[in-house]
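All ligand and atom numbering here is 1-based and tracks the order in the structure.
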Amino acid sequence: MATTALMNTYGARKLTLVRGEGVYVWDDQNRRYLDALAGIAVCGLGHCHSAVTAALQEQANTLVHVSNLYNTLPQQRLADLLCELAGMDNVFFSNSGAEANEAAIKIARKYGNDRGVKTPTIVTMDGSFHGRTMATLTATGNKKVKAGFAPLVEGFLQVPYNNIEAVKALAGNPDIVAVLVEPVQGEGGIRVPDDDYLVQLRQVCDANQWLLMLDEIQSGNGRTGELFAFQHHGVVPDVVTSAKGLGNGLPIGACLARGEAATILQPGNHGSTYGGNPLVCHVASSVLTTLTRDNLIANAHSMGEYMLGSFNSKLAGHKLVAEVRGKGLMLGIELKQDCGQIVDLAIARGLLLNVTAGNTIRLLPPLIINLAEANQIINTVCEIIDEFASQL
Ligand SMILES: *Cc1c(COP(=O)(O)O)cnc(C)c1O
């Protein structure tokens, strides 16, 4: 029984989880689950990875927090490492994804205001998800996320995703200052745009002096088979946000910037008490070095290709399956009807997954997953879809 002392933002929750190791977690009845959700794309290294635990213990014994009034070495090291890996100039550290996007939004607004733009406006996409703060829920292209929270924040405009013409059509609008977009939509149903979408967005942004701002909070940190999804396409954004997989469960977000965008925020313009404290930064550095050292980004690529191919062949022609989509270990199986019950069918078979956008089974397994574990997910998910179909 769950306590009523928690605000009811998550509804009833089936499971009480007590421990984790690698790709597995255990509940309070000591039942084991293969975690194909990884804390919503957070635990890329799996649960209680030795490198993360060691970094956590080491830094907990050294220095946990001093505020951003002081320089710390773990923050400096993470900034250098992250900017080098991303090809960006500098970074602001926050505690979450939404806050990383808030920093991006403030950069875009100040970029516009500095240039005398009357109402600096950021273009975002239908079906997008950017967070739950007032500005990021306004940026989010999903009515359900906004419902009940009027008045919303000014200065956002949504257009259809993966539709370059819709963005080009805004070229004459003097208020536009930036485009904020997920390279692969996560919450929106694992939507993978056309291969040239980002390249074309880069061109449109360049032609109009708009900032290209990528929300890689879910798609980043190796998930799609590159450290950042934009690295598949040979484009570099002006701003990119990260969070989720960066801390493997420690709360950290990052807003990286390049070129002019990297010069916008100056002393006094932005801040955070906890953001980038030595504990989370030391852990995040260990996550990035472990991803590289253990070839986990390449593993995400190959396991993702394998899973996508297997699902496509096993589910081909299935009467309930609309489409299988994905990039790396960001996988979605869209059914022809809403399928929230799939979550419980999976729990009964010892598998954790999630359904997003109502009808899309979402798989975000840890990047450490091996072939046997991938096969277990594939087989179980296919069985569950059949079971769900037989109950209709
Ligand atoms: C999860 C997510 C966010 C919000 O991150 P929080 O840490 O929950 O604030 C923003 N954008 C995308 C694409 C996400 O997947």
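Heavy-atom proximity to D215, at under 4.0 Å, picks out these atoms of ligand 1: 10 (C), 11 (N), 12 (C), 13 (C). Here is the list of ligand 1 atoms found below 4.0 Å of a heavy atom in E182: 13 (C). Ligand 1 places these atoms under 4.0 Å from at least one heavy atom of G97: 5 (O), 6 (P), 7 (O), 9 (O). Each of the following atoms of ligand 1 lies closer than 4.0 Å to a heavy atom of N101: 10 (C), 11 (N). Residue-ligand proximity, H130 to ligand 1, at heavy-atom distances under 4.0 Å covers atoms 10 (C), 11 (N). Short contacts between ligand 1 and K244, defined as distances under 4.0 Å to a heavy atom of the residue, involve ligand atoms 1 (C), 2 (C), 3 (C), 14 (C), 15 (O). Short contacts between ligand 1 and Q218, defined as distances under 4.0 Å to a heavy atom of the residue, involve ligand atoms 15 (O).
Classified by interplanar angle (parallel below 30°, tilted 30° to 60°, perpendicular above 60°), the ring pair Y197/Y161 is perpendicular. Between W26 and Y24, the angle of the ring planes lies from 30° to 60°, which puts this pair in the tilted group.
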Carefully, step by step, assess D386 and H318 under the rule side chain to side chain donor-acceptor pair (under 3.5 Å). CA-CA 9 Å; D386 285 338; H318 196 291; 2.8 Å; yes

Do K118 and D175 pass the side chain to side chain contact (heavy atoms under 4.5 Å, CB included) test, and can you show the C-alpha distance, the side-chain angles, and the key distance before you say yes or no? CA-CA 6 Å; K118 231 158 105 216; D175 285 337; 4.0 Å; yes

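By the criterion of a heavy-atom distance under 4.0 Å, both the backbone and the side chain of A98 are placed next to ligand 1. Proximity of E99 to ligand 1, defined as any heavy-atom pair under 4.0 Å, is not found for any part of the residue. Neither the backbone nor the side chain of T136 comes within contact range of ligand 1; no heavy atom lies under 4.0 Å.
Between I217 and ligand 1, not a single N/O pair is under 3.5 Å apart.
Sparse packing is recorded around OH of Y274, with 12 or fewer heavy atoms of other residues, nucleotides or ligands lying under 6.0 Å away.
Checking side-chain atoms of N277 against main-chain N and O of V66 turns up no donor-acceptor pair under 3.5 Å.
By the 4.0 Å N-to-carboxylate-O rule, R191 lies close enough to E334 to be salt-bridged with it.
Within the 4.0 angstrom cut-off, atom 8 (O) of ligand 1 has no protein heavy-atom neighbours.
A donor-acceptor contact under 3.5 angstrom links the side chains of Q76 and N71, judged on distance only.
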